[in-house]
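Because the structure is predicted, anything quoted here is derived from the model rather than measured. Residue numbering restarts at 1 for every chain, and letters A, B, ... go by the order of the sequence lines.
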There are 2 protein chains.
Amino acid sequence: MNTDAAGTGTIAPMDSSNTRRDATRRKLFEAAVTLIAEQGFSSTTVDEIAERAGVAKGTVYYNFASKNVLFEELLRHGIELLATSLQAAAEEVTERGGSQVDALDAMIRAGLDFISRYPALTQLYVAELWRTNRAWQSTLMVVRERAITVVEDVLREAVARDELSGEIDIPLTASALFGMVLVAALDWQSYQPDRSIDDVHAALSRLLQGRVSGRPS
Amino acid sequence: MNTDAAGTGTIAPMDSSNTRRDATRRKLFEAAVTLIAEQGFSSTTVDEIAERAGVAKGTVYYNFASKNVLFEELLRHGIELLATSLQAAAEEVTERGGSQVDALDAMIRAGLDFISRYPALTQLYVAELWRTNRAWQSTLMVVRERAITVVEDVLREAVARDELSGEIDIPLTASALFGMVLVAALDWQSYQPDRSIDDVHAALSRLLQGRVSGRPS
DNA sequence: CTCCTTGAACTGACTGGTCAGTTCAAAAAG
DNA sequence: CTTTTTGAACTGACCAGTCAGTTCAAGGAG
């Protein structure tokens, strides 16, 4: 019954690390995200999550109504981190008078930062995003929307300012750019983790700015 | 013991659709790929797979050593389809004297074709590719290698012919291109399935050829 | 053509184990 | 005091894998 576990008695601060309870919840999120990224949702047991978080199983159910709810809240919590960071990167550039293409570039950088900071979370989104018929599908659609919109907005503004051709397909280009960064970053993390983020960023920038098909000299 | 159930009395044809057994295996592949794409590996039961294939559970175990093995063979079977089709597309262009950039474009098209023909298979690869600590991880590395190499080869040849800048990072660019097509196509299938493949192809071509940042007129 | 034989292919009830979710009394924290 | 955590015991559903028994199709034999 009591889904409102956050204690609405006081105006809940949402994110800050005030109460003991919040600390526990954060430990559980962290434990769950790595385990689920590694093994998938179904093969991760609640006992495992509790153990990795250093907490009793009963505590999990004191803090979350179910395994499903824990996961959904995890998804929602994660996307805020990503969308906020992308938006901040874009706005920072725009406010300093940079071009929208520069803003895109800054978002690529922010995306890479995010993925290298939260690889498990990213892996988990990728695994779930295009899956159908799952309990948390609606949550995922919101999550996707939240992230893609940020990219689309910048593209739209770029077209408005004549920085990009008006013929580009905004939603599709946004997806493609998103995918480009996502897959390149995951491969980087998985197969060449030693490379610097600047290196990776430079390669993707080049691709974005169409300098790939330009002649060398 | 007897894994060699195909009857080695005659020189086994390997792939053709001769025997009753092959037909059964194909039905099982088809059933498994959709179910696993929808629900994930762990939450898909062998009973479900058997039922969807119109076959008894025992038959699954007569044809495959385990659920894991069924899945691994499915992965291997699928990647052959993809790699072959990408390679064919690239070679066809090259042999007709086209540029390597044209070959890349043809591969994008072939990739889109593949994804629209086998959406479930694609979804399944995406979900599993960057996961760690799974039983079939080594199979997946082979699978990934097989696909990425095709793209890298074309990029390398393009650099050799001076069509692309020698400064591009071949593995990373290959990943990025792969991701661009993958994510754009999955989004297309999931959220705008009505659009024509030509439409999607055109948008991605534009992105590849750097015409995005060119001015409209 | 019909009857038999043979081995491969298939069947589905059954088993042993696992796991999500529940409950609760008692302890710790604040 | 209240809120939160503990940890262990329990339940009921679910599921991978097994195996003794059945069906099928092809190739003689008469």
query = Under the side-chain hydrogen bond (donor to acceptor under 3.5 Å, both in side chains) test, which residues partner B:Asn68, sequence neighbours left out?
reply = none
Pairs touching residues 119-139 of chain B that satisfy ring pair (Phe, Tyr, Trp, His ring centres under 6.0 Å), sequence neighbours left out = B:Phe41-B:Trp136, B:Phe71-B:Trp136
message = Restricting to side-chain hydrogen bond (donor to acceptor under 3.5 Å, both in side chains), what partner residues turn up for B:Glu91, sequence neighbours left out?
response = none
inquiry  = For residues 114-130 of chain A, which residue pairs pass the salt bridge (charged side-chain N to carboxylate O under 4.0 Å, His left out) check, not counting sequence neighbours?
reply    = A:Glu128-A:Arg131, A:Glu128-A:Arg134
message = If I take atom CD1 in residue B:Ile49 and atom P in nucleotide D:dC15, what distance separates them, rounded to the nearest angstrom?
response = 12 Å
key: A:Leu28 CG - D:dT4 P separation (whole Å)   = 14 Å
note = A:Glu51 CD to D:dT6 P, in whole Å, measures 13 Å
query = Between B:Ser43 and A:Ser42, do the side chains contain an N or O donor and an N or O acceptor separated by less than 3.5 Å?
reply = yes
Cut-off 3.5 Å, no hydrogens considered: what does the side-chain donor-acceptor table look like for residues 74-87 of chain B, sequence neighbours left out?
residue	atom	partner	partner atom	Å
B:Glu80	OE1	B:Arg146	NH2	2.9
B:Glu80	OE2	B:Arg146	NE	3.2
B:Thr84	OG1	B:Glu80	O	2.5

key: Qualifying residues under side-chain hydrogen bond (donor to acceptor under 3.5 Å, both in side chains), relative to A:Gln192, sequence neighbours excluded   = A:Arg195
query = Tell me, for nucleotides 20-30 of chain C in 5' to 3' order, what letter each nucleotide earns: B for a base near a protein heavy atom under 4.0 Å, S for only sugar-phosphate near one, - for neither?
reply = BBB------S-
For B:Tyr61, ring-ring contact (aromatic ring centres under 6.0 Å, His included) partners two or more places apart = none
inquiry  = Using a strict heavy-atom distance below 4.0 Å, which residues from residues 30-37 of chain A are in contact with DNA chain C?
reply    = none
query = Atom CZ of B:Phe71 and atom C1' of D:dA16: how far apart are they, to the nearest Å?
reply = 16 Å
ask   = If you measure from OG1 on B:Thr44 to NZ on B:Lys67, what distance do you get to the nearest 0.5 Å?
value = 6.5 Å
inquiry  = Taking only side-chain N and O atoms of B:Asn63, does any of them lie within less than 4.0 angstrom of OP1 or OP2 on C:dC10?
reply    = yes
message = Measure CG/B:Asp22 against P/C:dC10 and give the value in whole Å, please.
response = 10 Å
remark   = Closest to the side chain of A:Tyr62, out of D:dT4, C:dT11, C:dA9, is D:dT4
query = OP1, OP2 of C:dT11 versus side-chain N and O of B:Thr59: anything below 4.0 Å?
reply = yes
